[in-house]
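Quick notes on the structure that follows.
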Amino acid sequence: MKNQNVPELFGSNVFDDRVMRSRLPADVYNSLKKTIDENVKLEEDVAEAVASEMRDWAVEKGATHFTHWFQPLTGVTAEKHDSFISTSPDGGVIMEFSGKELIKGEPDASSFPSGGLRATFEARGYTAWDPTSYAFIKDHTLCIPTAFCSYSGDALDKKTPLLRSMQALNRQAKRILKLFGKEVKYVRTCVGPEQEYFLVDRKVFEERPDLIYTGRTLFGAMPPKGQELDDHYFGVIKPRVTAFMEDLNKELWKLGILAKTEHNEVAPAQHELAPIFSTTNVATDNNQLMMEIMQKVARKHDMVCLLHEKPFAGVNGSGKHNNWSIGTDTGVNLLSPGETPYENAQFLLFLCAVIQAVDDYQDLLRLSVATAGNDHRLGANEAPPAIISVFLGDELSAILDAIKNDKPYEGQEKVMLKLGVHALPRFSRDTTDRNRTSPFAFTGNKFEFRSLGSSNSIACCNIMLNAAVAESLKQYADRLEKSDKFEDDLHELIKETIKAHERILFNGNGYGEEWVKEATEVRGLLNLKTTADAMPYLLHKKNVEMLTSHKVFSETELQSRCEIMLENYCKTVNIEGHTMVDMVRKDYLPAIEDYLLSLAKTTSMMKSVSSSVKCNYEISTMERLSELTDYILERVKDLEKALEDIKDSDDIVKTSEAIRDDVLPKMEHLRKHVDEAEMLTSEKCWPFPSYGKILFSVY
Ligand code: ADP
Ligand code: MG
C-alpha cells in the first residue's frame, strides 16, 4: 500500500462526480446533478446520454457485465448480471447499454421475501436507479445502485423506504428552517457507521459446522484466556491482520468508500473499521459493500470474517454504531450548537425533535435493530440495554433543566436563558466522558445509536429515525407556522417538549439492574428484550399512522415487513436448533462414547495388571461423563420435540413466541451439558476445535 497513491486510487472504480463532470456533456451533467441534489425527474434523453458514457467508462475499466444492485429484505445485497454484448449484423458483438437499462430492471421478484405482498400482488418486481448513489465496478461488473419495488409500487427492499424517510425529513426540516428565515435546497441526514467484526483462521472455521451454518458457535467451553486482560482493545495489530486491513482499505478506497479508522476491539480476534460519514443512503450502500468486501478480502488471506452479532458466548459480540446528524446543502450541521442566540434556539429545537422522536418511537428504534443474533447482545452487559434512552451529558442536561424550570443555568456563570435572545452558555463538547452504556448518545454534534448489530443493514434504523424526527418537526412546524410571537412560542414549545419527554433522558449506567427497574417501573419505558417481543410493535396504531402519514411505508408494506422479520427470526433459530441436534447426535455423543470406551479399557487393563491401582481419575471422569451423555440425550430429545412442535405452525407471532420461550431455552440447556463434557474429555477425542483454538487462530 505504501507505494501507492491513495488519492489516485480513491474512487477509481466509481462513476462519481469527478467522472461525470469530466465525461458528460455540460447540459447532461447539469440535469443529472439537479436530479441528484433536488430530486428532479430525470429526462429520458439524459438517461440515454448517461448510460452511453457509463458503458464506455465501464468497458474501458474492463467491465463486461452490468447489474442492478439492490437490497432485498434478506438483509444482504442482490445482483443479477447481464453482459453488455448485443449481436451486430457482421456476426460479431457490440457492447450496448441503454438509458432504459440504466433506469429500470426487471428481476424476477418471486424468490425474494415479500411477506404476503406476493400473494396479493404480482410476482414480478422492478428495480429503479438511485442516481444519488454512484454506480461502481466490482468483479468486472458495472453495479447500478437501485431501489426494488413490486409492480404495484410496494417497496420490496430497504432502500426505497430509506429514501422516502429522507424525503420526509427533508420536507419537515425545510419548513422549520424557513421559520428561522433560512431557505436551503435540501436537508439531509448523514451517517458514519462503525463496523465491528471477528477474524478467524479459515481452516479452523471450516471444522465448525455451527460457524458454517449459522455464523456463530453453538457450543464451546470457555478458554483459559478470554478478554479479561483487556489486552486486545487498541492493541498492536497482528501482521496477518495488518495485511488484511491494507488490502481491505485498498479495495474499499477503489470503490469510493471512505475507510478511515481501524483498530482492535475488546474481544480477542475482534476488530473495527469506521468510514468517514456520508449521506445516509450512500452510507447504507457503502456499509453493505463494506461487509461484502471484508468477507471477500478475508478469504484471500485465508481467514474468515465473522459479522455475526455473537459468534462466541462469554466474550463481547459485535455491534455497529450509527453516528447520525442532520445537515443542509450549505454545509450546516443542524445538530451543532451554534454561536448566535438564533442558531442556539434552532439547535435546541432540532435537539428536542430528536429527544421527542426517540421517546415517542422507542419501539420503532428498538425493533429496527431486532434480529435473532442481536438479541444475544442487547442487555447482556456488553452492549446497550434493550431499553432505549438518550444520553445528553451533564452540561447539556443542565441547560435543558434550566430552560424547563425557568431557572438560571449554573454553568461557569449564572445566566437566565431566553431562547432567541440569549446565546447558549458555553458547554464543552468534549467527547471523552461519553457514556458507552447508553443506546443513544449525543456526542457533540451528532447522535450515536449504538444498539445496532454488526450484521444489521443500517437502512432499518435510519428509516425509523428519520421518520420519527420528521414527525416531531412536523408537529413543531404546524404549531410555529401559525404563531405571531415566534420567539415566545418557540421558547414555550421547547420548554413543553423537555417536560413531556424528559423520561427518555438518562445519563447514568445503562448496564445496571437499577436502571431496568427505574426505566420500566418509574419511567414507563419499554424493555423489549427479544425480536419476538419487539417486532409486533411495528403494527401498533400510532406507528402505522406516523409511518404512513409521512409516506415512508404503506400499511401493507408494514404488515409484510413485520412478517418477514419474524419469519427471519424463526428461521434463523430453527437452523441453529437443527445444527445443534446434528452436531450432538453425529459428533458430540459418539466422541464422548469413544473417550468413555478408552477410559473403561484403561481402567480394566490397569486393574488386571495391578490390584492396588484405584483408577480414581478414570472412574470419576467416566461416571460424570456417562451421566452427562444421559442428560445430553434427554436435552437433545427435548430440543427435537420443541423444533417439531413449531414445524407446521402458520401463525408467525405464535411461532416466534415459542422460539423465545421454548426453543432457545432448550438450546441453552443442551449447550450447558455439552460444554461441561468438553472440559472432561481429552482434546484428542473432541470433534471440533475449542474456543481457544478459534479465538486465537490468527496470530
Ligand atoms: P468513536 O465513536 O469510535 O470515538 P468518532 O466519534 O471519531 O469515533 O467517529 C465515529 C464515526 O462518526 C465516524 O464514522 C465519523 O465519520 C462519524 N461522524 C463524525 N461526525 C459526524 C457527523 N457530523 N455526522 C455523522 N457522522 C459523523
Ligand atoms: Mg462510536
Side-chain angles (χ1 to χ4, degrees), residues 169 172-173 175-182 326 333-362 388-427 429 438 440-442 444-445 447 465 468-508 518-519 522-525 542 546:
L169 189 81
Q172 305 305 333
R175 286 175 71 193
I176 296 286
L177 288 177
K178 208 165 176 181
L179 291 167
F180 284 89
K182 292 182 190 139
I326 320 174
N333 179 351
L334 298 171
L335 292 180
S336 191
E339 299 292 335
T340 67
Y342 234 56
E343 281 168 4
N344 287 164
Q346 182 189 300
F347 159 70
L348 283 173
L349 190 63
F350 277 96
L351 185 76
C352 281
V354 179
I355 294 170
Q356 178 178 337
V358 178
D359 187 23
D360 284 344
Y361 299 100
Q362 305 159 38
I388 303 288
S389 64
V390 177
F391 169 86
L392 291 181
D394 293 338
E395 284 174 281
L396 194 49
S397 301
I399 291 172
L400 295 194
D401 255 357
I403 297 171
K404 183 188 84 179
N405 299 321
D406 284 326
K407 286 228 177 76
Y409 167 70
E410 316 240 355
Q412 280 117 331
E413 53 203 293
K414 277 197 173 191
V415 276
M416 275 301 276
L417 291 175
K418 176 81 173 88
L419 290 174
V421 179
H422 296 120
L424 266 191
R426 293 221 162 261
F427 64 94
R429 289 194 229 154
S438 174
F440 202 93
F442 184 66
N445 61 0
F447 276 96
L465 192 53
V469 174
E471 172 60 27
S472 315
L473 294 175
K474 174 184 174 291
Q475 292 176 14
Y476 301 167
D478 286 349
R479 184 162 150 182
L480 293 173
E481 279 168 0
K482 289 197 210 92
S483 158
D484 45 17
K485 303 187 297 303
F486 179 67
E487 274 153 34
D488 291 345
D489 290 342
L490 175 66
H491 189 96
E492 201 44 45
L493 172 62
I494 289 179
K495 212 168 115 178
E496 274 175 34
T497 307
I498 300 167
K499 277 193 186 151
H501 298 285
E502 62 185 342
R503 67 168 186 166
I504 199 80
L505 304 177
F506 178 61
N507 291 337
E518 182 188 330
V522 183
R523 302 192 184 204
L525 299 178
K542 78 162 173 61
M546 187 276 281

Thr497 vs Leu349 side-chain heavy atoms within contact, under 4.5 Å: no
Reference residue Glu496; test side-chain hydrogen bond (donor to acceptor under 3.5 Å, both in side chains); the match among Lys404, Arg479, His491, His501: Arg479
Arg503 side chain to Val522 backbone, donor-acceptor under 3.5 Å: no
Inter-residue atom distance Asp401.CG - Glu502.CD, 0.5 Å rounding: 7.0 Å
Distance in Å, Phe440 CZ paired with Leu465 CG, rounded so as to fall on 0.5 Å steps: 4.5 Å
Any Val469 side-chain heavy atom under 4.5 Å of Phe447 side chain: no
Validation row: Leu392, Leu351 side chains within 4.5 angstrom (heavy atoms): yes
Side-chain donor/acceptor of Asn445 to backbone N/O of Pro337, under 3.5 Å: no
Phe442 and Phe347 aromatic ring geometry - parallel, tilted or perpendicular at 30°/60° bounds: tilted
side-chain contact (heavy atoms from CB on, under 4.5 Å) evaluation trace for Leu335 with Val354: CA-CA 10 Å; Leu335 292 180; Val354 179; 4.3 Å; yes
Leu490 side, atom CG; Ser483 side, atom OG - distance, nearest 0.5 Å: 8.5 Å
Pair Ile498-Cys352, side-chain contact (heavy atoms from CB on, under 4.5 Å): steps then yes or no: CA-CA 7 Å; Ile498 300 167; Cys352 281; 4.2 Å; yes
Stepwise side chain to side chain donor-acceptor pair (under 3.5 Å) test for Glu471 and Tyr361: CA-CA 10 Å; Glu471 172 60 27; Tyr361 299 100; 4.9 Å; no
Salt-bridge contact Asp478-Lys482 (side-chain N to carboxylate O under 4.0 Å): no
side-chain contact (heavy atoms from CB on, under 4.5 Å) assessment of Leu179 paired with Glu481: CA-CA 7 Å; Leu179 291 167; Glu481 279 168 0; 3.9 Å; yes
Exceeds 12 heavy-atom contacts within 6.0 angstrom, atom NZ of Lys542: yes
Taking every non-hydrogen atom, the tightest pair across Ala357 and Ser472: N-OG, 3.5 Å
Trace of the side-chain contact (heavy atoms from CB on, under 4.5 Å) decision for Tyr476 with Ile494: CA-CA 9 Å; Tyr476 301 167; Ile494 289 179; over 6 Å; no
Gln172 side-chain N/O to Leu169 backbone N/O, donor-acceptor pair under 3.5 Å: no
Pairwise side-chain contact, Gln346 with Leu334, heavy-atom cut-off 4.5 Å (strictly under): yes
Close side-chain approach of Leu525 to Ile388, heavy-atom, < 4.5 Å: no
Lys499 side, atom NZ; Asn405 side, atom CG - distance, nearest 0.5 Å: 7.0 Å
Side-chain heavy atoms of Asn507 within contact of Asp394, under 4.5 Å: yes
Distance-minimising heavy-atom pair for Ser438 and Ser389: OG-O, 3.9 Å
From Ile399 atom CD1 to Asn344 atom CG, the distance as rounded to the nearest 0.5 Å: 8.5 Å
Sub-4.5 Å side-chain heavy-atom contact between Ser397 and Leu505: no
